Visitor: 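My structure is below; once you've seen it, I'll send some questions.
The structure presented is a predicted model; accordingly, all values stated were derived computationally and were not measured. Order of the sequence lines sets the chain letters (A, B, ...), proteins ahead of strands, with each chain counted from 1.
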2 protein chains.
Amino acid sequence: MGEIRQDMVRNNLLRLMSADSFGRLRGDLEWVELPRAFELSRPNEACPYAYFPEAGIASIVAKSPEGQQTEIGVIGRDGMTPASLVLDAGHDPYSIFMQVQGEAYRIPYASLQALIHEDRDLHGLLARYAQALAVQSAYTALSNAVHHIDERLARWILMCHDRSDGNEISLTHEFLSIMLAVRRPSVTTALHMLEGKKLIYSERGVIIVRDRAALEAFAHDVYGECEKEYERLIGTRP
Amino acid sequence: MGEIRQDMVRNNLLRLMSADSFGRLRGDLEWVELPRAFELSRPNEACPYAYFPEAGIASIVAKSPEGQQTEIGVIGRDGMTPASLVLDAGHDPYSIFMQVQGEAYRIPYASLQALIHEDRDLHGLLARYAQALAVQSAYTALSNAVHHIDERLARWILMCHDRSDGNEISLTHEFLSIMLAVRRPSVTTALHMLEGKKLIYSERGVIIVRDRAALEAFAHDVYGECEKEYERLIGTRP
DNA sequence: CTGTTTATGTCTGATACCGTACCGACTTGT
DNA sequence: ACAAGTCGGTACGGTATCAGACATAAACAG
């Protein structure tokens with residue numbers, strides 16, 4: 001098997017780290033498929049691997065004691081999981097799982113931990129990513145507090161679109177309703193609203209982005225801040 | 001002027017760091033008063049000092065382009081500001097300001113930054129605090145999405161109570177309504193509801209915690225998770 | 001083709017919360 | 001003591017969203 005070439009990977013963090021850093025990681029990286037619902041990390045448990053997604057979308061979900069839950073972050077090939085690795089936390093209270101199937105390079109948790117202790121640049125990059133993710137969850141909090149369902153839905157579609165290859169996003173209303181912590185029929189009506197404005201097209205199990213620019217305009221108050229912050233901290237994606 | 005003694009400080013992070021770490025910080029620490037509304041950090045600007053509050057409560061607030069805002073984190077003597085310092089972020093998009101006046105030790109941003117680069121233990125402690133704060137904002141997002149105003153208010157009072165000395169918290173309904181991103185009259189009615197259950201007592205400009213245990217019981221689904229996580233990551237407060 | 005599952009669309013009534021306005025009560029300054 | 005400002009209580013109509021149930025429709029499995 002040939003060695004993994006840095007200029008062939010699609011994960012943004014793997015691309016942006018120095019060639020030296022990548023060189024040290026390379027030997028421990030392993031390619032894996034990530035089917036839908038695959039768990040990348042379980043709440044309050046040490047997780048054996050860190051993942052650098054190459055394709056697909058993962059959700060970070062927080063849960064209350066009574067079982068209410070909502071998504072607080074989205075990870076695609078812009079990031080890695082679990083971000084708490086760089087924060088010395090051991091584990092975190094979230095559930096992280098695949099929402100749109102994909103693939104990733106993974107590396108044993110302890111290996112990556114050891115590497116970042118000796119590589120200040122790499123540590124810095126992942127720390128800045130952790131900050132970008134924290135900002136994402138902060139703006140999710142804001143959005144949950146003040147915005148309407150259709151705007152939050154638009155934000156969510158845009159965030160997934162950013163992390164997808166084409167314009168199609170495969171998932172059900174049921175699933176979306178859990179992510180946004182709203183009723184399933186509310187998702188249906190909100191999608192109809194966006195469809196009525198010709199921003200998206202929606203079929204059984206699929207949402208298709210039809211007019212990205214207009215979608216951004218519609219969501220201008222709810223989408224964009226944390227994306228700007230990501231660019232400042234990490235740099236533009238390919 | 002005598003040197004600051006570590007066993008006399010009240011800030012939890014300053015107390016919990018090693019004597020060596022504290023020794024290196026000590027020379028740069030400076031005591032300051034923090035009046036209400038004092039800005040500890042401004043959005044998207046480098047901030048000159050890091051603060052370790054000894055008393056009082058600061059809020060981290062995120063704002064949307066149209067000016068909608070909500071609190072995404074609370075900092076008292078359990079923490080420091082800005083937490084993004086340890087994440088190499090330079091600055092962050094939030095506004096951080098005093099909500100209940102107090103005091104703090106402050107240290108030039110660059111000094112602390114330099115110190116944590118050479119002190120792995122100190123870096124680890126502050127990184128874990130950054131994680132604790134991120135968890136706080138994640139649970140705020142959850143709470144904003146699924147809980148009712150009276151529960152969110154109860155959570156908020158508990159979080160402030162944790163960071164206060166007595167049972168009194170001084171602030172106006174107006175202010176609270178901004179923190180929770182609700183109407184001011186909604187705060188009034190929610191407070192009446194908690195008062196009716198004998199959990200608190202409320203006067204012009206003051207909220208008094210009357211029955212902490214019952215308040216926790218009332219807020220059981222909304223308060224507690226991130227507090228547990230703080231204890232795991234940082235350790236019990238004095 | 002048929003029955004079963006899964007996903008979506010729709011309805012009805014309830015309710016939590018909003019926007020706005022207004023008024024009284026307390027606080028402060030002169 | 002009086003005016004001016006601040007803060008809190010209340011009311012009214014409007015609406016976004018909920019809770020739950022039910023009906024269709026597409027996909028799937030035999």
Visitor: Measure from NE2 on B/His148 to P on D/dT17 and round the result to the nearest Å.
Guide: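 B/His148 atom NE2 is separated from D/dT17 atom P by 14 Å.
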
Visitor: From NE2 of A/His147 over to C1' of D/dT17, roughly how many Å is that when rounded to an integer?
Guide: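 The distance from NE2 of A/His147 to C1' of D/dT17 comes to 17 Å, rounded to the nearest Å.
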
Visitor: Check whether any side-chain N or O of B/Arg183 sits under 4.0 Å from OP1 or OP2 of C/dG19, and answer yes or no.
Guide: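 No, B/Arg183 has no side-chain N/O under 4.0 Å of OP1/OP2 on C/dG19.
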
Visitor: Find the distance A/Glu174:CD to D/dG20:C1' and express it as a whole number of Å.
Guide: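 Atom-to-atom, A/Glu174 to D/dG20, this comes out as 14 Å.
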
Visitor: Check A/Ile72, A/Val61, A/Thr81 against A/Tyr94 for a side-chain contact (heavy atoms from CB on, under 4.5 Å) and give me the one that passes.
Guide: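 For A/Tyr94, the side-chain contact (heavy atoms from CB on, under 4.5 Å) test succeeds with only one of A/Ile72, A/Val61, A/Thr81, which is A/Ile72.
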
Visitor: Is the phosphate of C/dT10 approached by A/Thr188 (side-chain N or O, under 4.0 Å from OP1 or OP2)?
Guide: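 No.
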
Visitor: Starting at the 5' end of DNA chain C and moving along, which residue's nearest nucleotide shows up first, A/Glu195 or A/Ala145?
Guide: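 The 5'-side residue here is A/Glu195.
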
Visitor: With a 3.5 Å cut-off and heavy atoms only, can you find an N or O donor on one side and an acceptor on the other between the side chain of A/Arg184 and the base of C/dG9?
Guide: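 For A/Arg184, whose side chain was compared with the base of C/dG9, there is a donor-acceptor pair (under 3.5 Å).
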
Visitor: For A/Arg204 and A/Asp150, take the nucleotide of DNA chain D holding the closest heavy atom to each; which residue's nucleotide lies nearer the 5' end?
Guide: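 The residue closer to the strand's 5' end, by nearest nucleotide, is A/Asp150.
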
Visitor: What is the separation between atom CD on B/Gln68 and atom C1' on C/dC18, rounded to the nearest whole Å?
Guide: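 It is 12 Å, rounded to the nearest whole Å.
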
Visitor: With side-chain hydrogen bond (donor to acceptor under 3.5 Å, both in side chains) as the criterion, how do B/Thr172 and B/Arg184 come out once you've worked through the C-alpha distance, each side chain's angles and the decisive distance to 0.1 Å?
Guide: CA-CA 9 Å; B/Thr172 67; B/Arg184 200 264 307 151; over 6 Å; no

Visitor: Under 4.0 Å from OP1 or OP2 of C/dT8: is there any side-chain N or O of A/His173 that close?
Guide: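 For A/His173, the contact criterion (side-chain N or O under 4.0 Å from OP1 or OP2 of C/dT8) is met.
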
Visitor: Can you tell me the distance, in whole Å, between the CD1 atom of B/Ile200 and the P atom of D/dG8?
Guide: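 Those two atoms, CD1 and P, are 12 Å apart.
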
Visitor: So does A/Ser186 get a side-chain nitrogen or oxygen closer than 4.0 Å to the phosphate oxygens (OP1/OP2) of D/dC18?
Guide: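 A/Ser186 to D/dC18 OP1/OP2: side-chain N or O found under 4.0 Å.
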
Visitor: Does a donor on one side chain sit under 3.5 Å from an acceptor on the other, for B/Asp162 and B/Tyr230?
Guide: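 Side chains of B/Asp162 and B/Tyr230: no pair found under 3.5 Å.
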
Visitor: Show, in sequence, the C-alpha distance, side-chain angles and deciding distance for A/Asp211 and A/Lys198, and conclude whether the salt bridge (Lys or Arg N to Asp or Glu O under 4.0 Å) test is met.
Guide: CA-CA 7 Å; A/Asp211 186 345; A/Lys198 316 269 188 196; over 6 Å; no

Visitor: Is it true that A/Arg10 and A/Asp165 have a side-chain N and a carboxylate O under 4.0 angstrom from each other?
Guide: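 Judged by the 4.0 Å cut-off on N to carboxylate O distance, A/Arg10 and A/Asp165 do form a salt bridge.
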
Visitor: Could you check how far CD of B/Glu203 sits from P of C/dA25, rounded to whole Å?
Guide: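 Distance, rounded to whole Å: 16 Å.
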
Visitor: Between D/dA19 atom P and A/Ile149 atom CD1, what is the distance in whole Å?
Guide: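 Distance, rounded to whole Å: 11 Å.
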
Visitor: Atom CZ of B/Arg152 to atom C1' of C/dC18: distance rounded to whole Å?
Guide: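 Going from CZ in B/Arg152 over to C1' in C/dC18 covers 13 Å.
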
